[in-house]
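Below is one structure, written out as structure tokens; the observations come after it.
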There are 2 protein chains.
Amino acid sequence: MEKKLTKKQQKILEFILKFTEENSYPPTLKEIAGKFKITIGTIQDHVSALQRKQYLEKKPDTARGFKVVKTSAGNKVTPKSDMNYIPLYGSVAAGEPIFASDNIQGYVTMEKSPKGHHIHFALKVKGDSMTDAGIYDGDIVIVRKQDDADNGDIVIALIEDEATVKTLRNNKIKAYLEAANPRYKAIMSQPFSVIGKVIELRRQYLNT
Amino acid sequence: MEKKLTKKQQKILEFILKFTEENSYPPTLKEIAGKFKITIGTIQDHVSALQRKQYLEKKPDTARGFKVVKTSAGNKVTPKSDMNYIPLYGSVAAGEPIFASDNIQGYVTMEKSPKGHHIHFALKVKGDSMTDAGIYDGDIVIVRKQDDADNGDIVIALIEDEATVKTLRNNKIKAYLEAANPRYKAIMSQPFSVIGKVIELRRQYLNT
DNA sequence: AAATATGCCATATTGAATTATGGAAAAGAA
DNA sequence: TTCTTTTCCATAATTCAATATGGCATATTT
């Protein structure tokens with residue numbers, strides 16, 4: 001089923017991709033022909049080969065009507081609309097509004113989750129209360145906004161207006177939070193509210 | 001300096017953006033006119049207004065030659081070309097070629113590093129030899145290809161054809177590798193070669 | 001050896017898409 | 001009010017771009 005591309009076909013497919021990214025619109029047959037110093041007729045052949053092998057779609061009678069659906073390596077082409085920019089908030093001091101826009105330190109890119117329209121945000125972890133769970137000071141956690149979570153989930157909780165990263169322990173009677181570092185005693189029966197669940201951790205080794 | 005857009009101009013700019021994402025190529029004047037049930041002449045006016053106000057670029061005499069440079073909200077439009085797709089390799093057994101294309105488990109998206117044309121790849125960590133450095137089994141490390149590194153860097157090293165994640169200890173006389181987990185003794189004076197430096201760690205909490 | 005796919009050319013034709021021009025009504029700013 | 005900008009129309013001209021045809025030389029596969 002999977003037909004492989006020839007070297008020439010690969011080059012042409014890659015050119016179409018690259019051209020589109022650089023110009024924001026795909027090339028014409030003539031422009032492709034110009035790049036490879038061959039004629040339009042030849043490009044017609046290559047393009048129909050690429051279509052036949054299902055790497056490229058083309059709308060008939062349409063200028064620049066190309067759509068690359070697979071790369072030469074066989075990967076699906078992810079459209080830009082499938083990427084999300086998630087705001088990265090710095091650590092928040094008690095009492096301050098968490099999602100203040102002037103607290104945004106930057107943005108983190110992430111592929112859109114296939115199902116569900118969840119809201120995500122990212123937080124920079126401060127402190128060492130989660131080192132036993134492998135979360136260190138300076139790490140970035142990506143959080144999916146939700147106000148409940150399951151036992152064992154790592155969550156962002158609001159305790160007295162301060163956002164903290166903790167593991168949720170839910171023993172059916174009362175939920176409590178637990179710092180992964182045993183030096184901190186578990187915060188029990190304190191009023192808190194879950195504002196999101198940690199779905200990914202990122203740590204950057206910035207030196208050099 | 002910043003001219004604001006009228007409602008109509010906003011709608012047209014947004015349509016061009018949306019159309020481009022859906023079709024992979026921008027619309028023609030006629031297609032825009034069709035959407036808004038007005039004539040091409042009118043669209044010409046709108047398009048020149050958008051150009052004048054620096055929201056849209058257009059290559060003359062070029063079919064679909066649009067490039068949206070700013071959204072109606074004033075945000076810069078980030079081209080997809082600023083994103084990199086990095087191959088994610090699974091753990092490799094000894095003797096097998098590391099970068100075999102059939103060992104690619106998927107792709108990881110990452111913003112292009114501003115300077116330098118480094119080659120990156122990602123590896124899924126197997127084993128618990130780095131838990132003390134906060135790297136766990138199943139974590140994904142993003143690696144920048146290079147054959148040297150500094151003292152203290154976490155590197156991917158090749159020891160007897162097996163790729164491993166280790167901390168580099170370079171005491172000027174001889175470099176050796178060190179597993180962050182003390183249960184493993186440091187591998188000293190064994191022949192090895194550095195193939196890259198870990199620049200980022202990602203851990204996904206997949207449940208629910 | 002014969003059939004098939006690739007890679008290349010040239011030219012003509014049809015259709016698609018941009019540009020040019022000139023006019024006119026309505027809203028907003030000076 | 002006057003001026004400018006916006007929003008709209010219609011039509012013609014021109015250039016751009018895709019398609020259609022037919023032919024030729026190499027490889028590859030059956």
Side-chain angles (χ1 to χ4, degrees), chain A residues 1-20 22-70 72, chain B residues 1-20 22-70 72:
Chain A
M1 194 88 268
E2 291 211 350
K3 296 260 176 80
K4 276 178 193 168
L5 298 183
T6 65
K7 287 269 162 74
K8 206 67 196 245
Q9 288 165 356
Q10 281 179 38
K11 290 244 173 124
I12 288 170
L13 190 69
E14 275 164 31
F15 173 73
I16 295 175
L17 254 186
K18 202 176 163 189
F19 185 102
T20 308
E22 282 171 2
N23 298 280
S24 81
Y25 48 82
T28 62
L29 295 177
K30 198 182 176 190
E31 283 163 344
I32 303 171
K35 191 72 186 184
F36 292 93
K37 283 170 192 133
I38 46 185
T39 59
I40 295 177
T42 308
I43 298 299
Q44 289 180 304
D45 294 338
H46 287 305
V47 165
S48 20
L50 286 168
Q51 286 181 89
R52 180 167 42 77
K53 294 183 180 178
Q54 312 233 255
Y55 283 75
L56 184 69
E57 284 173 13
K58 171 152 193 349
K59 201 161 202 177
D61 301 309
T62 302
R64 307 175 189 276
F66 295 118
K67 182 172 200 169
V68 177
V69 289
K70 242 193 299 185
S72 48
Chain B
M1 194 87 266
E2 291 211 347
K3 297 263 176 78
K4 277 178 192 169
L5 298 183
T6 66
K7 288 268 164 75
K8 206 70 195 242
Q9 289 164 356
Q10 281 180 37
K11 290 242 172 125
I12 288 171
L13 190 70
E14 275 164 32
F15 173 72
I16 295 174
L17 254 185
K18 201 175 163 189
F19 185 103
T20 308
E22 282 171 3
N23 298 280
S24 83
Y25 47 82
T28 62
L29 296 176
K30 198 182 176 189
E31 283 162 345
I32 303 171
K35 193 72 186 185
F36 293 94
K37 283 169 191 132
I38 48 186
T39 59
I40 294 177
T42 307
I43 298 299
Q44 288 180 305
D45 294 338
H46 287 305
V47 166
S48 20
L50 286 167
Q51 285 181 92
R52 180 167 41 78
K53 294 184 179 177
Q54 312 235 254
Y55 283 75
L56 184 69
E57 283 173 15
K58 171 152 195 343
K59 200 160 202 176
D61 302 308
T62 304
R64 306 177 190 275
F66 295 118
K67 183 172 197 171
V68 178
V69 290
K70 241 193 302 184
S72 48

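Quick note on labels: first sequence line is chain A, next is B, and so on, each numbered from 1.
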Show each protein N/O and nucleotides 23-30 of chain D N/O combination with a separation under 3.5 Å, one pair to a line.
none

Set out, line by line, the N/O atom pairs under 3.5 Å between protein and nucleotides 3-6 of chain D.
unit_1, atom_1, unit_2, atom_2, d
D/dT6, OP1, B/Lys53, NZ, 3.1
D/dT6, OP2, B/Arg52, NH2, 2.6

| task | Mind running a 4.0 Å heavy-atom check of residues 56-63 of chain A against DNA chain D and sending the residues that fall below it, in number order? | result | A/Lys58, A/Pro60, A/Asp61, A/Thr62, A/Ala63

| Side-chain contact, heavy-atom cut-off 4.5 Å: B/Lys53 with B/Leu5? | yes

| task | Round to the nearest Å and state the distance from A/Ile40 atom CD1 to D/dC16 atom C1'. | result | 10 Å

Exercise answer: donor-acceptor pairs, residues 35-44 of chain A side-chain atoms, under 3.5 Å, sequence neighbours excluded:
unit_1, atom_1, unit_2, atom_2, d
A/Thr39, OG1, A/Thr42, OG1, 3.3

| task | With DNA chain C as reference, determine whether B/Arg64 or B/Gly41 sits nearer its 5' end, using the nearest nucleotide of each. | result | B/Arg64

| Which part of the nucleic acid does A/Thr28 contact within heavy-atom distance under 4.0 Å: base, sugar-phosphate only, or nothing? | sugar-phosphate

| Between P of D/dC9 and NZ of B/Lys37, the distance in whole Å | 12 Å

| If you fit an axis to the five pairs at each end of the helix from C/dA1-D/dT30 to C/dA30-D/dT1, how big is the angle between those two axes, to 10 degrees? | 50°

| field | d(CD, A/Gln44; C1', D/dA20) in whole Å | value | 8 Å

| query | Just how far, in rounded Å, is P of D/dC8 from CD1 of B/Ile43? | reply | 8 Å

| field | Nucleotides bounding contact with chain A, strand DNA chain C, heavy-atom threshold 4.0 Å | value | C/dT6 to C/dA17

| task | Grab the CZ-P distance between B/Phe36 and D/dC9 for me, whole Å please. | result | 13 Å

| query | Does A/Leu29 or B/Lys7 map to a spot on DNA chain D nearer the 5' end, using the closest nucleotide for each? | reply | B/Lys7

